[in-house]
Asker: 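This structure is in structure tokens; I'll ask about it shortly.
Below, chain A is the first sequence line, B the second, and so on; all start at residue 1. Please read these numbers as outputs of a predicted model, since none were measured by experiment.
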Amino acid sequence: MAVSLDTIISLCKRRGFIFQSSEIYGGMAACYDYGPLGVELKRNVRDAWWRAMVQERGDIEGLECSILMHPDVWRASGHVENFTDPLVDCKSCRARFRADHVEGYEAVYTVTARTDGGATERFEVTLGPQIPTKVIRPGYRHNGAVLEEIAEIKFKGSPRTCPTCGNRELTEPRLFNLLFRTHVGPIEDAASTVFMRPETAQGMFVNFENVRGSMRRKLPFGIAQIGRSFRNEITTKAFVFRTLEFEQMEMEFFCKPGTDEEWYRHWVNERFNWYLRYGIRRENLRLRQHDADELAHYSRMCHDIEYNFPMGWGELEGVAHRGDYDLTAHMKQSGKNLKFFDEETKEAITPYVIEPAAGVDRTALTFMIDAYHEEEVRGEKRVVLRLHPAMAPLKVAVLPLLKKRGEIVEKCQALTAALKQRWRAVYDDTAAIGKLYRRQDEVGTPFCVTIDVESLDDGKATVRDRDTMEQDRIELGRIEDYLAERLVLNPPKVAEPALG
RNA sequence: GCGCCUGUAGCACAACGGCUAGUGCAUCGGCCUUCCAAGUCGAUGAUUACGGGUUCGAUUCCCGUCAGGCGCUCCA
């Protein structure tokens with residue numbers, strides 16, 4: 001039986017993985033804090049991703065960009081212009097739907113645009129039932145001026161009948177822009193407005209030339225980044241699954257047109273297998289291809305890697321074919337040349353981009369959920385997180401069987417100190433041995449080492465396995481080697497073809 | 001954003017409009033025990049989410065806010 005989200009939320013709070021943000025002030029919606037064990041788990045997720053994407057390969061460089069960037073970055077990317085289709089609400093039946101779904105839809109869009117001279121001008125565009133964001137989209141031009149933002153939308157005429165209840169009480173269409181805005185400098189005027197990045201991807205596009213040049217790269221190569229992004233979501237949901245502030249692991253892989261489809265397949269498979277490699281159960285993963293109408297404005301093709309969450313299938317990671325959309329857009333906006341000159345064919349190429357983009361928070365949550373097990377041991381419930389050792393916040397706990405015997409405690413602390421040089425290790429003597437084991441099980445610690453009275457004579461300790469609860473007597477001097485063999489922090493790659 | 005439901009100790013829950021808001025687990029300490037949440041004694045911990053109202057009296061009824069869950073809607 002699948003674990004409920006409530007159970008996970010309770011465990012997360014009780015054992016220091018995840019807390020509600022600003023809890024003593026009543027909480028901050030859709031924001032969460034990671035506690036002592038949560039930060040370890042997150043760090044493990046990032047490390048495993050970085051290892052697979054950067055360290056183990058030779059064709060990807062790392063990068064860390066600032067969160068605040070020049071506002072033109074987001075004009076070029078299309079994020080300022082708008083992010084969603086205009087929506088209307090029915091005041092009568094409370095339904096919400098896309099404006100262009102209203103019978104006889106026609107609306108006047110007030111748009112701001114910038115001329116080549118840098119001046120901003122406003123003008124109006126009237127559109128019928130075609131999807132407005134497919135027409136007024138990044139790069140849209142009017143009398144030589146380039147679209148900056150849709151400032152306002154108003155229905156034209158009066159045919160605004162609700163398709164659900166038939167009443168005529170619809171609100172004006174509203175755009176929901178997902179960009180958080182803030183200001184540079186103490187004065188909040190329009191000129192100082194900057195945006196909190198909604199994705200880390202753009203930082204890699206605008207640094208394409210910097211990375212290529214400084215690292216003397218030729219196509220194909222990739223740029224990888226892990227960092228926080230911010231989206232002012234209309235609806236947030238399901239614990240850390242969708243939050244306003246979240247952490248992304250993204251990689252932009254630049255390749256020659258013509259090789260793009262092969263790379264696309266490569267990355268879909270590679271990323272799907274990454275989850276298997278760290279122990280996510282195959283039956284809880286699936287691949288789903290986006291239909292044409294759900295593709296983002298920049299995307300030609302997209303596969304989601306989905307996980308079977310307690311609340312249903314949800315996206316863990318998207319692998320998108322972004323074509324040359326982004327580099328082209330930045331060339332237009334910045335006036336800089338971002339093409340790659342191919343010495344063989346003597347031609348300038350605008351690379352195609354394949355982008356695997358994953359969420360750190362969702363991935364961490366997934367590891368918790370997938371690892372959660374309840375079982376009965378001697379008539380008592382045992383909760384155990386069967387986390388992959390690479391993901392476990394703590395790798396080993398050292399426990400004295402008798403805390404009253406000074407020699408035992410001493411040996412335990414010496415062993416803990418030695419193990420800490422290599423792994424995240426803890427010492428605990430605040431309960432009876434059975435309880436100490438259960439505590440470690442609940443947070444997924446793979447091994448416990450127990451020193452008892454006999455250890456003082458034979459120099460051996462008991463190593464206990466989290467999953468099987470089996471015990472081995474091991475000489476104290478050999479414990480580090482014993483654990484090193486079993487704490488496989490860099491498991492072998494999996495090669496299951498998920499996509500043809 | 002809308003609708004429904006919920007909010008009491010770290011967690012899970014109880015308390016008819018009426019006594020000092022209880023119980024289990026957890027946590028901390030003592031005794032005992034010493035390899036799988038044992039026993040026992042004790043302790044800490046709650047302006048009942050926050051703010052207002054009705055009432056002699058509110059955890060309980062009403063309103064607002066905040067937060068969470070579920071369902072719509074939406075989802076680069």
Asker: Would you say B:C36 has OP1 or OP2 under 4.0 Å from some side-chain N or O of A:Arg438?
Answerer: no
Asker: Can you sort out which residues in residues 404-418 of chain A have a heavy atom within less than 4.0 Å of RNA chain B? Ascending by number, please.
Answerer: A:Lys404
Asker: Measuring from the side chain of A:Ile433 (C-beta onward, heavy atoms only), which nucleotide among B:C35, B:A37, B:C36 has the closest atom?
Answerer: B:C35
Asker: Keeping A:Glu247 on the side-chain end and A:Gly359 on the backbone end, is there a donor-acceptor pair under 3.5 Å?
Answerer: no
Asker: Between the protein and nucleotides 66-72 of chain B, are there any N/O to N/O pairs under 3.5 Å, and if so, what are the atom names and distances?
Answerer:
residue	atom	partner	partner atom	Å
B:C66	O2'	A:Gly26	O	3.3
B:A67	OP1	A:Ala29	N	3.2
B:A67	O4'	A:Gly26	O	3.2
B:A67	O2'	A:Gln20	OE1	3.4
B:G68	OP1	A:Ala30	N	2.9
B:G69	OP1	A:Phe239	N	2.9

Asker: Would you mind telling me which of B:C75, B:A37, B:C36 lies closest to the side-chain atoms of A:Arg464?
Answerer: B:C36
Asker: Does A:Lys435 place a side-chain N or O at less than 4.0 Å from the phosphate oxygens OP1/OP2 of B:U27?
Answerer: yes
Asker: What's the CG-P distance between A:Leu456 and B:U34, to the nearest Å?
Answerer: 16 Å
Asker: Return the nucleotide paired to B:U40: Watson-Crick means purine N1 to pyrimidine N3 with N6-O4 or O6-N4, wobble means G-U with N1-O2 and O6-N3, both under 3.5 Å.
Answerer: B:G30
Asker: When you check the side-chain N and O atoms of A:Arg439 and A:Thr430, is any donor under 3.5 Å from an acceptor?
Answerer: yes
Asker: Does B:G22 pair with anything, Watson-Crick or G-U wobble, both distances under 3.5 Å, and if so, with which nucleotide?
Answerer: B:C13
Asker: If we ignore angles and hydrogens, is there a donor and acceptor under 3.5 Å between the side chains of A:Tyr275 and A:Glu317?
Answerer: yes
Asker: Quick one: A:Asp452 CG to B:C36 C1', roughly how many Å, whole number?
Answerer: 14 Å
Asker: So, is A:Arg439 close to the B:U27 phosphate, meaning a side-chain N or O under 4.0 Å from OP1 or OP2?
Answerer: yes
Asker: In whole Å, what is the span from the CE atom of A:Met469 to the C1' atom of B:A37?
Answerer: 12 Å
Asker: Please tell me which of the listed nucleotides, B:A12, B:A37, B:C36, lies nearest to the side chain of A:Glu442?
Answerer: B:A37
Asker: Give a yes/no on whether any side-chain N or O of A:Lys13 is located under 4.0 angstrom from OP1 or OP2 of B:G10.
Answerer: no
Asker: Does A:Thr450 reach a base, just sugar-phosphate, or nothing at all? Heavy atoms under 4.0 Å.
Answerer: base
